[in-house]
Amino acid sequence: MIKFIAKRLGSGVVVLFVVSVLTFTLLYTASGSIAQNILGDQATPEQVAAKEHELGLDQPLFTRYFSWLGDALSGNLGASWFTNEPVANSLATRIPVTMTMVFAAMILIAICAALIGVAAAVRRGWVDRVVQIGAIIGDSIPGYVIGVFLVTILAIQLGMFPATSTISPEVGPEAWVVSMTLPVIALLINGVTGGAQQIRSAVIKQLERDYVRTLRSRGIGEREILFKHVLRSAAPAGLTVLSLQLIGMLGGVVIIEQIFALPGMGPLAVAATGQTDLPVVMGVVMYTVVVVIVVNLLVDILNGWLNPKVRVS
Amino acid sequence: MSDSVETAAVAPSALPTGQSGTVVRSTVMRRLLKNPLGIASLVILTTIALLAILAPVLAPFEENFANISKTLAAPDSTNILGTDSAGRDTWSRLLFGAQLTLLSALLCAGVAIAIGLPAGLIAGYYAGRFEAVSNWVVSILMSLPGLIVLLTIRAAFGPSVWFSMIAFGILISPSYFRLTRAAVQSVRNELYVDAARVSGLSDLSIVARHIFSVVRAPIIIQTAAIAGVAIAIQSGLEFLGLGDPTKATWGVMLSEGFKNVYLTPSLLLWPALAMALTIGGLVLLGNAIRDALEDGEKIKHRRKRGPASGPSGGSTTAAPAKARPSRKSVAAVEHGTEHHLVKVTNLGVGYPQADGSIKKVVDNVSFHVDRGEILGIVGESGSGKSQTAFSILGLLPDNARIVAGSIQFDGNYTVAPGEDRVSQERLSKLRGKRISYIPQEPMSNLDPAFTIGYQLVTPMVRVLGISKAEARTRALKLLTDVGIVNPERTFNAYPHEVSGGMAQRVLIAGAISCEPDLVIADEPTTALDVTVQADVLDLLRELQQRLNIGVILVTHNFGVVADLCDRVAVMQNGRLVEEGTVREILRNPKENYTRTLLGSMLEGKTPMTMLVSPPEGPVAHGEASRHASAEKEPVA
């Protein structure tokens, strides 16, 4: 098991490295004259050259990448070209906001999708039809459109919730939870509808397996078959579904934060993208990939625990 | 949001393997047009596409024409949906937005197909290093959140729909890759591809002719899903204000509406509605095509696959066409038949079809088994022998119906005359304890997540109510009894750690662990090597004699019957064609079909040879029913 984890961790590091090389190359070669962009159209060629030197842009790409990598390994992701704030600092203040929402939404998705999906698979009938229809509706309406309508109707028109949620945890847990409610709902609806449907098919697939019939023939009760055998075998598929949803959510949360004006990663990423603030963009990408790698590692470990075959090989 | 991007890739896809492409397409098309949702989605999508194409003609204004004196106006005769904050006509922008939105979705899907399809074909067909490398690339692409990648592309290349959609196409290409590879892998080893290769066709034409016809339908489904996701994510980017401000798109309009949400919230409604309709149309179209494909598969494989997994399965709602009155309490069995261990009388089993009819897979079958007796049920695949066995066990698929007859076990009905389902209440008390089952395929019948020991001990604890320790002792004894040399080791092993022959012995041990009166063995040796087959048969006979149990042995192999059985029943096309003692039937078969069956094996072919059944005609029917009722004749 330790060897297995080490191997997965190793491949995660390789992925991180490859993504950083690709992103760095793409950002720094495709985005035209960066210094000109920062200084504006009125800047003289001398000013531009000076700025390029200041930012290290006159160095070859190779050198620049490795100096970035060296700094990054020591925890220094550079500073914003526009605000001069260290990227690591802005990330550190914003990650908690974003991740709180993402994990709150994920936990709720996992619970709701599992309950509804399993019920639909076992009971069929109306629950099943609701899940099918829900999945179609959920697939048809992007989460941010749901977010926009939640704000418009519940916050602006009915005034039930604050439209923007810049409140920090210090104002007291109640106000904070209220302010987080709408963004989290906007984040989780697609996840619940899609997840329930996929968990449903994973469970049905297991229920149709030969060994389930054999367990029945041995006199094992339906409840025990479902909870001990079927759900355990369906769990890896469910975990994969949830981990893919989490990856998608890391993107989706950017728009949701923008809608609700939350001080998370979203506004930072959007502003940096609009201004071509490359150190910040680079930092956002790296943080995202690290989260993904950690999540995938956790899923692999859980799967190893659930499936003895993975554990052995 | 790209939640569904990656999940679309892992969704199970129905692959119509081994069907010829043109046939599939025409029937699928017909089924698609029968489905109201399929028609609705086609109508929605065609309308939107037409509006987009005709936008220059239909739109009253240029997309960026602004009437500064008329901002945020309510709908009137000039601006039928009103104007935005710059005085631009909402209806015109919606039409031009449709153009750009649909084109960008097509570009994205096109790029994804152009990369994913060839890569998947090559990886699936040749495997090897290319597959290993592409798997690695796929795992990277799939771990990148779509929107974050698009933000990076936007930072690098500026606000261009085309760049972002090409990038997203690359990012999402794994879904086509995986789909194509899976399809190719399932077809690669099919005989007809080998035949094509042997007959001298080049690799390329093999791929073109055979494999492409298999992946075509799943690719259409996937494209519908991906186009929807592409529209959602591109609009999301524009909603963030990172799109091209000179172009009218639904995302830009949504963003504009949200900025003016306090003044004119209706501006939000139109682009949101357009998006929901388009994406919804695509989702429905994909679902309808999948249903159309699965319905075909379902009818084809009904007997093997059991309950339908598709949304139109409706297994709990489908009522039998001819419902028969069910009696209030379970009647006593016919006098004079109580001594039979199992008695099946005029049994009929059927599956409700989509058109309301019932397809019979077992028809008018009668036989009985006594204690200490082995009855063989012989017949080719699809003759209904397994369905008959499962109705005794009460393990028919959910959508199966008992359409006629009764089953009694040890003097009590498990299916009384008139009942359309096996009573689970009555059978759950018998299963495991008095009736047990030995399956055909050893590996798939053990739960891979639990040790063999656990799977032997638990039924004994549940059924016999003994302690775990006692059950463990008995399990080890049973493993020794079935000829396993090192029972401790097998007890602690997971199913994947033992051989197929060993697993079958474990299943036999499990079947007799609670000392049943009746064992139903469904082709217990088919999946095993020839040498192991003989051992397992010996084992069955020895156990049967020692425990004096009744056995129903389902097989297509007369050799096994001759070796093991006392009596034999021959089934064909769901009917019982002949029944008698093994000696009688082997020496003097009365029916043509039995002679064909016997002939096909006595010619020295392997017993596994598939038989070609004579066509089902009126003569065969008459004979079948005549012999089905001859069941009461005294037998040796």
Side-chain angles (χ1 to χ4, degrees), chain A residues 15 18-19 23 26-27 30-31 124-125 132 136 139-145 148 152 156 190-191 194 198 201 204 208-211 213-214 216-220 229 232-233 240-241 244-245 247-252 254-255 258 269-270 273-274 276 278 281 285 288 292 296 306-309, chain B residues 1-7 10-12 140 143 145-148 151-152 154-157 228 232 236 239-240 242 254 258 261-262 265 268 272 275-276 279-280 283-284 287 306-307 309 311 315-316 393 395 431-433 436-437 439 441 444-449 458-459 462-463 494 496 510:
Chain A
V15 168
V18 170
V19 172
T23 315
L26 190 71
L27 285 176
S31 51
R124 303 315 254 307
Q132 302 289 337
I136 291 174
D139 279 352
S140 308
I141 306 173
Y144 61 88
V145 176
V148 163
T152 310
I156 295 175
N190 294 130
Q198 299 204 13
S201 15
I204 288 178
E208 285 175 356
R209 292 267 299 264
D210 286 349
Y211 73 79
R213 187 169 58 203
T214 301
R216 286 189 181 129
S217 82
R218 297 278 184 266
I220 305 289
H229 297 273
R232 189 184 174 127
S233 309
T240 307
V241 169
L244 288 173
Q245 285 194 340
I247 293 173
M249 197 183 283
L250 291 174
V254 169
I255 314 185
Q258 193 79 359
V270 172
T273 305
T276 326
L278 299 189
V281 175
V285 172
T288 310
V292 169
N296 282 345
L306 285 164
N307 183 353
K309 216 166 174 175
Chain B
M1 237 183 282
S2 64
D3 318 2
S4 49
V5 176
E6 295 84 357
T7 50
V10 291
I140 293 187
S143 59
L147 197 77
I148 301 291
L151 289 180
T152 315
R154 166 64 172 76
F157 293 101
F239 177 75
L240 286 174
L242 298 174
L254 197 69
F258 193 52
V261 66
Y262 287 95
L268 273 177
M275 276 166 64
I279 304 173
V283 172
L284 282 178
N287 278 10
S309 58
S315 53
T316 51
L393 279 160
L395 294 177
R431 261 197 313 257
K433 195 170 196 170
S436 75
Y437 164 64
E441 169 63 49
S444 66
N445 279 285
L446 290 165
D447 185 342
T458 316
R462 298 283 181 279
V463 171
Y494 283 98
H496 67 269

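Worth saying up front: this structure is predicted, and the values here are computed from it rather than measured. Numbered from 1 within each chain, the chains take letters A, B, ... in sequence-line order.
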Handout entry: Side-chain touch B:L446/A:Y211, heavy atoms, less than 4.5 angstrom
Key = no

Problem - Side chains of B:S444 and A:R213 in contact at under 4.5 Å (non-hydrogen atoms) - result: no

Handout entry: Flag, side chain of A:R216 to backbone of B:L395, donor-acceptor distance under 3.5 Å
Key = no

Exercise for the section: Could you tell me whether a side-chain N or O of A:R218 sits under 3.5 Å from a main-chain N or O of B:Y437, the two making a donor and an acceptor? Expected result: yes

Completion exercise
d(B:F157 CZ, A:T276 OG1) to nearest 0.5 Å is 12.5 Å

Problem - Separation between CG of A:D139 and CD1 of B:I279, rounded to the nearest 0.5 Å - result: 9.5 Å

Completion exercise
When every non-hydrogen atom of B:A155 is compared with those of A:T273, the smallest separation belongs to N-CG2, 3.7 Å

Completion exercise
Between B:P145 and A:G251, the two heavy atoms sitting closest are CB-N, 3.9 Å

Completion exercise
Interface check, chain B: of A:V148, A:V19, A:N296, most non-hydrogen pairs under 4.5 Å belong to A:V148

Completion exercise
Counting heavy-atom pairs under 4.5 angstrom with chain B, the leader among A:V285, A:I141, A:V292, A:V145 is A:V292

Fill in the blank from the handout: The side chain to side chain contact (heavy atoms under 4.5 Å, CB included) partners of A:V270 (sequence neighbours excluded) come to A:V254, A:Q258, B:L240, B:L242

Problem - side chain to side chain contact (heavy atoms under 4.5 Å, CB included) partners for B:L284, two or more places apart - result: A:I136, B:L37, B:S41

Practice task
Could you tell me which of B:L268, B:L151, B:V463 has the largest number of non-hydrogen atom pairs under 4.5 Å with chain A?
Solution key: B:L151

Exercise for the section: Below 4.5 Å from any heavy atom of chain A, which atoms of B:D447 appear? Answer side chain, backbone, both or neither. Expected result: both

Practice task
With a 4.5 angstrom heavy-atom cut-off, could you sort out which part of B:R462 is near chain A: side chain, backbone, both or neither?
Solution key: side chain

Problem - A:I220, part contacting chain B, at a heavy-atom distance under 4.5 Å - result: side chain

